[in-house]
Engineer: 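Can you read through this structure? Questions will come right after.
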Number of protein chains: 2
Amino acid sequence: MDHAHQHEHSIERELECVSQVPIFQRLADEQLISVAQVTRPIHADKGGTVFSTGEVSQTLYIVNTGQVRLYHLGDDGREQVLRVLNPGDFIGEIALFTDEVHSSYAEATKKTELCTISRQSLTKLIAGMPELSMNLLGALADRLKSAERQATLLAIPDALPRLAGYLQELSGHQAGTFDLPMSKQDLAAYLGMTPESLSRKFRQLTTDGVIETVGRRQVRVTDADELATVAPE
Amino acid sequence: MDHAHQHEHSIERELECVSQVPIFQRLADEQLISVAQVTRPIHADKGGTVFSTGEVSQTLYIVNTGQVRLYHLGDDGREQVLRVLNPGDFIGEIALFTDEVHSSYAEATKKTELCTISRQSLTKLIAGMPELSMNLLGALADRLKSAERQATLLAIPDALPRLAGYLQELSGHQAGTFDLPMSKQDLAAYLGMTPESLSRKFRQLTTDGVIETVGRRQVRVTDADELATVAPE
DNA sequence: CGTTTCTTTGAAGTCTATCAAACTGCGTGG
DNA sequence: CCACGCAGTTTGATAGACTTCAAAGAAACG
């Protein structure tokens, strides 16, 4: 096999990955190449494992295409979904600063392409690219914001406003149709309730004329004002 | 008034603040001075407001001494505590990237000193100090971790393991005495339950010989193993 | 087109919230 | 320094909400 050609091909693929990811946006072409050079692509088929609990990692994973589901496994075997990673999302940022022992499983829900960057490489990159660190800081701040929002939602004892608040956020506070980012049973775990309760709350909102469920994963908000009334704050 | 002296004094005070804050650790002295020069100290008495909901901010607040309580106000008037800031903690990092509209209140629980830095100043500092951006990234990653941990806890339907998980984390997974970072009624809101439920769960853990409550704000873990059994995972 | 997984529905039991009131630790003022 | 007063905490009883268990129905997959 032609080694040079192999190398070329590799860089191409990595550039494609790197260039599509938000945290590498607004970088000059030559900077993008620097990033691509330390990037290693990973592939996972549907149902495939990206990493498991207990693994020690010094790697940042960035989803290029596909989708990755992050979840905990409780002692009772129930899966608690932490987050769903879509293209552009990343995980492993803690590995940049400490030897992270993953406390969750990462599983591809469909054919998925990821880029990985080692801690060492990324540290070097940051030292020479202030824009990159600003991008990373911005992405982390966004995630922090949504994690705190989720915590605020989950602190609400009643299930209905908890769901309403979640839907309100997903819908962008206005009427319209959108897709749920995960299955309803995963969503139930995410919102801290059982699938049965979630189903009943969906029904209640539908009966009250606030929303309509279009298929299995689509929701249409028909009365955004009423949704805001049910939702907290 | 002697202007030069005034300036000197000002820098001294700011240096003291800056030098005690983790995110500015490991910086060279001259870098610390650069930071101090763009820092503006703020004081708040007990019960004083640092900022309120709806305020637009481009400022990073860092707690130097004292304590700040961050909370939402629900429509029913109930306060939902988001976080308690102790010396070294900071808030407003989202303001670094977007015009943050504060969605919470920040109130000093005691005499408190803070340092503030504007977005513009901090952006400039980051550009010239890779170490600073690494520190900031590390601090954000830590906060993200704890926010996700809180979300995981809150997703548990049963109150007892929710409290147990919280205590376990506070105690550092080992027996010993420690202080609660907030009042029990605030803690109840933080953990998504009523003060009455919290009190009953505390009693249950005490009766079971897992913990002892020492005063109003101290807890002693006597049986860390048993606590781990009650806590999730 | 069958099979599997996800979702919905129903009934019963448990847990938590709610309401009301007593208690206690803590700060304050005398 | 001690007594007082208030907010925070605890306790009890009840009602309501959610979970649990069981099973049927619907959608996605090969």
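When reading the values below, keep in mind they use all heavy atoms of this one structure, side chains included, and skip hydrogens, waters and symmetry mates. A note on names: the letters A, B, ... follow the listed sequences, proteins ahead of strands, and every chain is numbered from 1.
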Engineer: Check salt bridge (charged side-chain N to carboxylate O under 4.0 Å, His left out) between A:R220 and all other residues, then give those that pass, not counting sequence neighbours.
Structural biologist: none
Engineer: State which residues pass side-chain contact (heavy atoms from CB on, under 4.5 Å) with B:V21; sequence neighbours excluded, sorted by chain then number.
Structural biologist: B:I23, B:F24, B:I62
Engineer: Any chance you could list the contact pattern along nucleotides 3-15 of chain D? Use B for base contacts, S for sugar-phosphate-only contacts and - for none, protein heavy atoms under 4.0 Å, 5' to 3'.
Structural biologist: -----BSSBBB--
Engineer: Could you list the residues that satisfy side-chain hydrogen bond (donor to acceptor under 3.5 Å, both in side chains) with B:H173, not counting sequence neighbours?
Structural biologist: none
Engineer: For B:S104, give me all partners under side-chain contact (heavy atoms from CB on, under 4.5 Å), at least two apart in sequence or on another chain.
Structural biologist: B:F51, B:L70, B:H72, B:L82
Engineer: Can you name the residues that form a side-chain contact (heavy atoms from CB on, under 4.5 Å) with B:D142, not counting sequence neighbours?
Structural biologist: none
Engineer: Can you tell me which residue pairs pass the side chain to side chain donor-acceptor pair (under 3.5 Å) test with a partner in residues 84-93 of chain B, sequence neighbours excluded?
Structural biologist: B:Q67-B:N86, B:E93-B:R143
Engineer: Could you tell me which residues satisfy side-chain hydrogen bond (donor to acceptor under 3.5 Å, both in side chains) with B:E79, sequence neighbours excluded, listed by chain and number?
Structural biologist: B:R69
Engineer: Taking five pairs at each end of the helix from C:dC1-D:dG30 to C:dG30-D:dC1, what angle separates the two helix axes (nearest 10°)?
Structural biologist: 60°
Engineer: Using the ring-ring contact (aromatic ring centres under 6.0 Å, His included) criterion, which residues pair with A:F90? Sequence neighbours excluded.
Structural biologist: none
Engineer: How would you list, by chain and number, every residue that makes a side-chain contact (heavy atoms from CB on, under 4.5 Å) with B:Q20, sequence neighbours excluded?
Structural biologist: B:E16, B:N64
Engineer: Kindly state which residues belonging to residues 149-170 of chain A come within less than 4.0 angstrom of DNA chain D, counting heavy atoms of the residue only, listed by number.
Structural biologist: A:D158, A:A159
